Every structure is written in structure tokens, then in C-alpha cells.
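Scroll down for the structure; my scribbles are underneath it.
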Amino acid sequence: MKSAFRCLHWLLDLRFLPDKFQNWLFDTGTRAIEVFSGLAMLGFAFTFFVAGDEIYTSDLYEKFQHLHKPALLTILLTVAILQIGFSVVKSYRLKLVSSFLLMLSGLVWAVITGRFIAGYPPVSTGMTTYAVLTIICSFAGLYQNRHVKRLQDQKQGKGL
């Protein structure tokens with residue numbers, strides 16, 4: 001059991017990726033991921049708001065009717081606006097909030113992915129596209145969280 005937990009921790013901690021690769025992949029791209037995810041959520045919310053209940057007649061979006069529409073729109077708008085807003089912060093505390101919002105957006109994208117998978121058949125790009133967005137947002141949030149904590153520890157170490 002301990003080895004399974006260690007393996008899961010190793011996977012979630014991204015230890016299989018070299019530090020240089022993680023820095024290259026996420027350090028400068030995290031802000032772009034936050035903004036892209038936020039704008040995509042705004043687009044998703046806008047589509048559901050404008051289309052009304054007609055969107056549920058499409059086979060691709062039929063399973064979305066099982067989600068409470070006002071709650072879905074509220075969550076999408078709130079996470080999107082906060083994510084875009086926090087993408088420009090510079091303080092360590094606010095960057096930690098930003099990393100949490102990235103991981104939360106990964107959860108939102110996972111629910112959206114699940115709705116597309118539940119609508120199978122037909123096969124749709126929503127099954128894979130939003131799954132990729134789920135993984136990217138989650139990993140970027142995790143990386144940003146670890147990076148900010150490392151910077152905080154370094155700053156505290158220098159202040160002693």
C-alpha cells in the first residue's frame with residue numbers, strides 16, 4: 001500500500017519530468033494557460049446562455065441538461081473571471097490562489113469532459129479536447145503552487 005501511495009505521489013508531484021522541462025513547459029506558460037482556460041470558460045458560458053434550452057436538442061450537448069444550468073453558468077463565469085483576474089498578480093499569496101484556481105478549472109473541465117463522454121455516441125472532439133485541458137490546467141496549477149512555495153521558502157531562508 002505504501003509503495004502504491006509513493007507511486008501516486010511521484011506521479012502527482014511530476015517527479016517523472018525533469019525540473020528543466022517543467023520550468024520550460026509551465027513557468028512561462030502558466031499565465032497563458034490561465035487566460036486561455038478562462039476565455040474558453042467564458043465562451044462556454046456564453047454559448048449556453050445564448051443558445052437557451054435549444055442546445056440540449058443536439059446529441060453532443062444532450063447530457064448537459066442533467067446539470068443545473070444557472071449553477072453551471074455561475075461556476076463557469078466565476079472561475080473564468082477569477083482565473084483571468086488572478087493571472088496578473090505578483091504576490092506569493094495571490095499566486096497561490098491563482099494556482100488553486102487553475103486546479104479548480106481542471107475540475108470544471110473534467111466535469112465538462114464527463115458530460116461529453118456520457119453523451120457517447122456519437123464520438124466528439126469534446127471527449128478529448130476538454131480532457132487535455134483538464135490535465136494541462138491541473139498540472140499547471142500544481143506546478144505553480146509548488147513553484148511559489150519554493151520561492152517563498154527561498155525568500156524566508158534569505159531573510160533569516
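Bear in mind the structure is a predicted one, so any value in this text is a computation, not a measurement.
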List the atom pairs, donor and acceptor, that lie under 3.5 Å between side-chain atoms in residues 119-127 and the rest of the protein, sequence neighbours left out.
{"from": "Ser124", "atom 1": "OG", "to": "Gly126", "atom 2": "N", "distance (Å)": "3.3"}

Atom pairs and distances, donor-acceptor, side-chain atoms in residues 56-66, under 3.5 Å, two or more places apart:
{"from": "Thr57", "atom 1": "OG1", "to": "Glu54", "atom 2": "O", "distance (Å)": "2.6"}
{"from": "Ser58", "atom 1": "OG", "to": "Leu60", "atom 2": "N", "distance (Å)": "3.4"}
{"from": "Gln65", "atom 1": "NE2", "to": "Glu62", "atom 2": "O", "distance (Å)": "3.3"}

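With sequence neighbours left out, Gln83 forms a side-chain hydrogen bond (donor to acceptor under 3.5 Å, both in side chains) with Ser37, Ser105. Residues satisfying the side-chain hydrogen bond (donor to acceptor under 3.5 Å, both in side chains) test with Lys69, not counting sequence neighbours, are none.
Nearest heavy-atom pair, Leu102 versus Gly141, reported as atom, atom and distance to 0.1 Å: CB-CA, 3.6 Å. For the residue pair Ser87 and Arg31, the shortest heavy atom distance occurs at O-NE, 2.7 Å. In this structure, Lys95 and Val89 approach most closely via the heavy-atom pair CE-O, 3.5 Å.
The CG atom of Leu82 lies 10.0 Å from the OG atom of Ser98; values are rounded to the nearest 0.5 Å. From Ile117, atom CD1 reaches atom CD1 of Ile112 across 12.5 Å, with rounding to the nearest 0.5 Å. Atom CD in Gln144 sits 9.5 Å away from atom CG in Leu101 (nearest 0.5 Å).
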Please step through ring pair (Phe, Tyr, Trp, His ring centres under 6.0 Å) for the pair Phe44 and Phe48, ending with a clear verdict. CA-CA 6 Å; Phe44 218 85; Phe48 270 84; 5.4 Å; yes
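A continuous path of ILVMFWY side-chain contacts below 4.5 Å connects Leu76 to Phe49, so both sit in one hydrophobic cluster. Leu104 and Ile33 sit in two unconnected hydrophobic clusters of ILVMFWY residues. Membership requires side-chain heavy atoms under 4.5 Å apart, directly or through other members. Under a hydrophobic clustering in which Ile, Leu, Val, Met, Phe, Trp and Tyr are joined whenever their side-chain heavy atoms come within less than 4.5 Å, directly or via other members, Val79 and Ile135 fall into different clusters. Note on Leu107 and Leu72: same hydrophobic cluster, where clusters join Ile, Leu, Val, Met, Phe, Trp and Tyr whose side-chain heavy atoms are under 4.5 Å apart, directly or indirectly. Connection of Ile136 to Val108 is not established within any shared hydrophobic cluster, with ILVMFWY side chains joined at heavy-atom distances below 4.5 Å, either directly or through further cluster members.
More than 12 heavy atoms of other residues, nucleotides or ligands shown are found within 6.0 angstrom of CZ on Arg150.
Gln152 is listed as a side-chain neighbour of Leu96, based on a closest heavy-atom distance under 4.5 Å. In this structure, the side chains of Thr129 and Phe116 stay at 4.5 Å or more apart for every pair of heavy atoms. Side-chain atoms of Ser99 and Val148, non-hydrogen and from C-beta on, never get closer than 4.5 Å to each other.
For residues 68-111, the ring pair (Phe, Tyr, Trp, His ring centres under 6.0 Å) pairs, not counting sequence neighbours, are Trp109-Tyr130.
Counting side-chain heavy-atom gaps under 4.5 Å among Ile, Leu, Val, Met, Phe, Trp and Tyr, the cluster of Leu77 also holds Val35, Leu39, Leu42, Ile81, Ile84.
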